[in-house]
Amino acid sequence: KKISDSTNIQLYPYVSGSLTRSPEKKLSNMNYRILEELDIPGMPVTRFEDYISKKIYSVDQCPQGLCVTEDFILVTSYSTGSRNNCGCLYIFDRYSMEYLATLSMKEGSHLGGIAYDGESLWLCHSNHRTIERIDYALVKEIAEHKPGKMVEMNKEHEEYRVTNSPSCMTYFGGKLWIATHTRFFKSVMKSYRYEEGILTEHEEFAIPDKVQGVAFDSGGHVYLSTSFGRDRSSYIKVYESAYALSKHPEKPAECVEMPPCSEEVAIAGDELLVLFESGAQKYMEGTDGKGKARTPLDHLVAIQLDSF
């Protein structure tokens, strides 16, 4: 089934009049574009074709993490089925958006957020409370060969234990920022420094519940993606700084309502890229018995930063 992202964004039943949320803006009214040239493997139209051509480890891959480097756009996914399945890291050319390769990652991991520090890629293993470091030069070497299918990478890594459950993360100001997703209560985001092979906790910040993604712009503004459930709105919440966020997690400077199932976010030039998981088999077909996503999105959405 083909998804019309633009139609689902425009026709989504926004609830901006809600007394509890009262977001000032709706995604449908923002200056945004859909990255239709970037086709994430495992989405509905190509799901089984991608599996046969070995672009995905399993048909139940669910997008989670998003990262932008000087060369690539990177998307992670995890398997919603067997614990023996591997998660995937998809590599796309940043400018042409051509799919280059899939890296099959740690078996049984709830592969989540991804970040880039200029030398290494970092990935969240949410169900193991660890993050994994991968040499960026190695990933670049694989991508330059354009294999167009899976390359096994589940042994080429270093893992580091962290003190908060790593749901999503980003890199800013010389630190990794790792946020923990919670359903109902305020949560935490911690910053860590990596120096000479040692990862050290630095600071702790209060954040709202349901955080699925975090990004900083060059001015230090914080962008949070918050969501839970296939039938409830997602939100982008913007704060002046990490300290403003921690002081008043429930009082963002800006709040934008979006269709359900937003995941990680990343800054790319003058745009905020937003990843959604609603095109995955679990949500699109309701394979977990909890219903189907009513307005699924299967491509990245890019929002102009100056429209916030």
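Just so you know, these numbers use all the heavy atoms, side chains as well, and skip hydrogens, waters and symmetry mates. No experiment lies behind these values; they were computed from the predicted model shown.
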Could you tell me whether a side-chain N or O of [X] sits under 3.5 Å from a main-chain N or O of [Y], the two making a donor and an acceptor?
X: Gln64; Y: Glu264; value: no
X: Asp50; Y: Gly42; value: yes
X: Thr180; Y: Ser165; value: yes
X: Ser234; Y: Cys261; value: yes
X: Arg129; Y: Thr163; value: yes

Could you tell me whether [X] and [Y] make a salt bridge, using a distance below 4.0 angstrom between a side-chain N and a carboxylate O?
X: Lys26; Y: Glu257; value: no
X: Arg294; Y: Asp231; value: no
X: Glu277; Y: Lys282; value: no
X: Lys237; Y: Glu254; value: no
X: Arg33; Y: Asp5; value: no
X: Lys55; Y: Glu49; value: no

Side-chain contact, heavy-atom cut-off 4.5 Å: [X] with [Y]?
X: Ile267; Y: Leu305; value: yes
X: Ser262; Y: Ile236; value: no
X: Asn31; Y: Ile303; value: no
X: Lys247; Y: Phe205; value: no
X: Ile134; Y: Leu123; value: yes
X: Lys292; Y: Met284; value: no
X: Tyr136; Y: Glu70; value: yes

Would you say the ring centers of [X] and [Y] fall short of 6.0 Å from each other?
X: Trp122; Y: Tyr116; value: no
X: Tyr57; Y: Tyr51; value: no
X: Tyr160; Y: Tyr194; value: yes
X: Tyr239; Y: Tyr223; value: no

So, [X] and [Y]: side-chain donor and acceptor under 3.5 Å apart, yes or no?
X: His299; Y: Asp39; value: yes
X: Thr295; Y: Asn8; value: no
X: Ser77; Y: Tyr90; value: yes
X: Thr200; Y: Arg193; value: no

| query | Does NZ belonging to Lys175 count more than 12 external heavy atoms closer than 6.0 Å? | reply | yes

| request: Any chance you could measure Met258, atom CE, to Ser227, atom OG, to the nearest 0.5 Å? | output: 7.5 Å

| task | Mind checking side-chain contact (heavy atoms from CB on, under 4.5 Å) for Glu240 and listing every partner two or more places apart, or none if nothing turns up? | result | His221, Ala244, Ala253

